[in-house]
Every structure is written in structure tokens, then in C-alpha cells.
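Single-structure report; data block below.
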Amino acid sequence: LWKKGKENRTPKDPYLQSVLKFMLLHENYHAMWDKLAADPTIPLVVDGDNVVLHVAMDAAAENAIQTDRPEGIRELFEELQARGVEKGRAFHVISGAMRDEYLIAGEAGEPMDLVRFFVRSKDYAGRVDR
């Protein structure tokens, strides 16, 4: 995917398009993507953050906000910004909630629950300072 992006080739799948967009947006990961493209066996964790999971959750969070699924997630994102939280930070509050809920559900062998994701997002949003 990274190689395609560097060649300005867009994947056909909309989700992969979104993942690539976030790969490109996270300039701090570009060196990691280059290393990973050269050696897919290297560890995926940078500063405690699994970079592949991070961009995958960013893409999934973007879709959740755009489609308002679960209902109210778009409004929560907009409320964070209305409170003065910078857009990228507000976005990563929701993306972080999605990541955590995804990992908890996976650990339990269950699919991610959208209701629990929304509750976690509201909880995380309540903890954010401007």
C-alpha cells in the first residue's frame, strides 16, 4: 500500500484509500513505512504505538464520523471542536476510543460493539482539555 502511495497509485478499495491517506498524513511514520516496505518482518511499534493499527483505526474512525455510525459520533466530534479542541486532536480522541474498544473486543474474541465504542468515545471526550 505504501509503495502504491509513493507511486501516486490509488487503491480501488475505499477503505484502503482511507488507510493510505492516513499513512501519508502521518509524516512522522514515513520512515517506518519505508523500512516496513523493505522488510515486512520488522516490529510495527514506534514509541509504544502500533503504526499499522493506528492508521487502520484512523481510517475506521473517519468512516464512523462520515457515516455517523454509531449515531451521534459525528456530533460528538463536532462538539469537541466547538469546545476548542483542535480538529486533529478531536479526531484522535475518537480514533483512540475505537482502537481501545477494538482491542478489548478482540481480546475477548468478540466483534467490536458500536454502542461500547460510542460510550468509550464520550468518556474520552469528557477527559479532553482544550
Side-chain angles (χ1 to χ4, degrees):
L1 191 57
W2 178 245
K3 288 178 184 178
K4 281 185 178 185
K6 288 183 78 172
E7 296 168 357
N8 290 322
R9 295 185 334 184
T10 304
K12 292 179 182 174
D13 180 88
Y15 178 72
L16 292 179
Q17 289 173 11
S18 185
V19 170
L20 178 57
K21 176 179 100 174
F22 285 103
M23 290 174 83
L24 293 167
L25 282 173
H26 282 285
E27 292 179 12
N28 55 320
Y29 293 162
H30 286 191
M32 178 66 174
W33 303 133
D34 288 335
K35 289 177 189 175
L36 189 58
D39 180 6
T41 65
I42 66 170
L44 302 176
V45 177
V46 174
D47 297 328
D49 191 20
N50 180 313
V51 295
V52 173
L53 181 62
H54 184 112
V55 295
M57 292 297 105
D58 281 356
E62 177 182 59
N63 181 263
I65 293 166
Q66 288 175 344
T67 61
D68 198 31
R69 185 168 179 259
E71 186 177 335
I73 198 73
R74 181 184 306 135
E75 183 179 350
L76 180 62
F77 176 60
E78 291 167 355
E79 285 174 11
L80 278 164
Q81 293 174 83
R83 284 183 12 212
V85 177
E86 184 269 324
K87 185 177 182 178
R89 187 164 180 222
F91 177 81
H92 279 99
V93 166
I94 292 171
S95 178
M98 179 172 279
R99 177 201 60 229
D100 292 349
E101 195 55 47
Y102 173 80
L103 290 172
I104 289 168
E107 201 170 278
E110 300 173 356
M112 190 180 88
D113 182 275
L114 292 178
V115 172
R116 288 194 307 245
F117 158 57
F118 185 64
V119 169
R120 183 176 300 279
S121 295
K122 289 195 305 186
D123 179 49
Y124 287 13
R127 300 180 198 180
V128 175
D129 295 325
R130 296 189 318 169

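- In this structure the side chain of M112 reaches within 4.5 angstrom of the side chain of M98, judged on heavy atoms.
- A donor-acceptor contact under 3.5 angstrom links the side chains of S18 and E62, judged on distance only.
- The CG atom of L1 sits 4.5 Å away from atom CG of L20, with the distance rounded to the nearest 0.5 Å.
- The only option from D49, V51, V55 that meets the side-chain contact (heavy atoms from CB on, under 4.5 Å) definition with H26 turns out to be V55.
- Annotation: E110, atom CD; neighbour count of heavy atoms from other residues, nucleotides and ligands within 6.0 Å is above 12.
- A donor-acceptor contact shorter than 3.5 Å links the side chain of D68 to the backbone of I73.
- Between K122 and E79 no salt bridge is recorded (no basic side-chain N to carboxylate O distance below 4.0 Å).
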Discussion item. Determine whether D58 and H54 satisfy the following criterion, side chain to side chain contact (heavy atoms under 4.5 Å, CB included), listing intermediate values before the conclusion.
Written reply: CA-CA 6 Å; D58 281 356; H54 184 112; 3.3 Å; yes
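- Judged purely by atom type and a 3.5 angstrom limit, Q81 has no side-chain atom pairing as donor or acceptor with the backbone of K87.
- Nearest heavy-atom pair across R116 and P111 is NH2-O, 4.3 Å.
- The backbone N or O of N63 lies less than 3.5 Å from no partner atom in the side chain of Y15, so there is not a single donor-acceptor pair.
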Discussion item. I42 vs M32, test: side chain to side chain contact (heavy atoms under 4.5 Å, CB included). Steps then yes/no.
Written reply: CA-CA 9 Å; I42 66 170; M32 178 66 174; 4.0 Å; yes
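- Inter-residue side-chain proximity for K4 and T10 is flagged as unmet; no heavy-atom pair is nearer than 4.5 Å.
- The two atoms that bring H30 and L24 nearest to each other are NE2-O, 2.9 Å, heavy atoms only.
- In this structure the side chain of V85 reaches within 4.5 angstrom of the side chain of R89, judged on heavy atoms.
- In plain terms, the two heavy atoms of A56 and V19 that are nearest each other are CA-CG2, 4.4 Å.
- Grouping the Ile, Leu, Val, Met, Phe, Trp and Tyr side chains by contacts below 4.5 angstrom, directly or via other members, places V93 apart from V119.
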Discussion item. Test side chain to side chain contact (heavy atoms under 4.5 Å, CB included) on L76 and I65; report intermediate values, then the result.
Written reply: CA-CA 9 Å; L76 180 62; I65 293 166; over 6 Å; no
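- Under the 4.5 Å side-chain contact rule for hydrophobic residues, L114 and I104 do not share a cluster.
- Side-chain N or O atoms of H92 include one that pairs as donor or acceptor with a backbone N or O of G88 at under 3.5 Å.
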Practice prompt. Apply side chain to side chain contact (heavy atoms under 4.5 Å, CB included) to the pair I94 and Y124, showing each step before the final yes or no.
Written response: CA-CA 8 Å; I94 292 171; Y124 287 13; over 6 Å; no
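- Considering all non-hydrogen atoms of both residues, F117 and A64 come closest at CE2-CB, 4.3 Å.
- Counting heavy atoms from C-beta outward, R99 and L103 have side chains that approach closer than 4.5 Å.
- Using a distance-only test at 3.5 Å, with no hydrogens or angles considered, a donor-acceptor pair links the side chain of R83 to the main chain of V128.
- Within a 6.0 Å radius of CD in E75, no more than 12 heavy atoms belonging to other residues, nucleotides or ligands are found.
- K6 pairs by the side-chain hydrogen bond (donor to acceptor under 3.5 Å, both in side chains) definition with D34, not counting sequence neighbours.
- The number of heavy-atom neighbours closer than 6.0 Å to CD of E71, taken from other residues, nucleotides and ligands shown, is 12 or below.
- Cluster membership for V45 and Y102, using ILVMFWY side-chain heavy atoms within less than 4.5 angstrom, is not shared.
- Ion pairing between a basic and an acidic side chain is recognised when a charged N comes within 4.0 Å of a carboxylate O; R127 and D123 show such pairing.
- The minimum heavy-atom distance linking A97 with R120 is given by the pair O-CD, 3.3 Å.
- Between the side chain of R74 and the backbone N or O of Q66 there is at least one donor-acceptor pair closer than 3.5 Å.
- With F22 as the partner, the ring pair (Phe, Tyr, Trp, His ring centres under 6.0 Å) test is satisfied by one option alone out of W2, F91, Y29, W33: F91.
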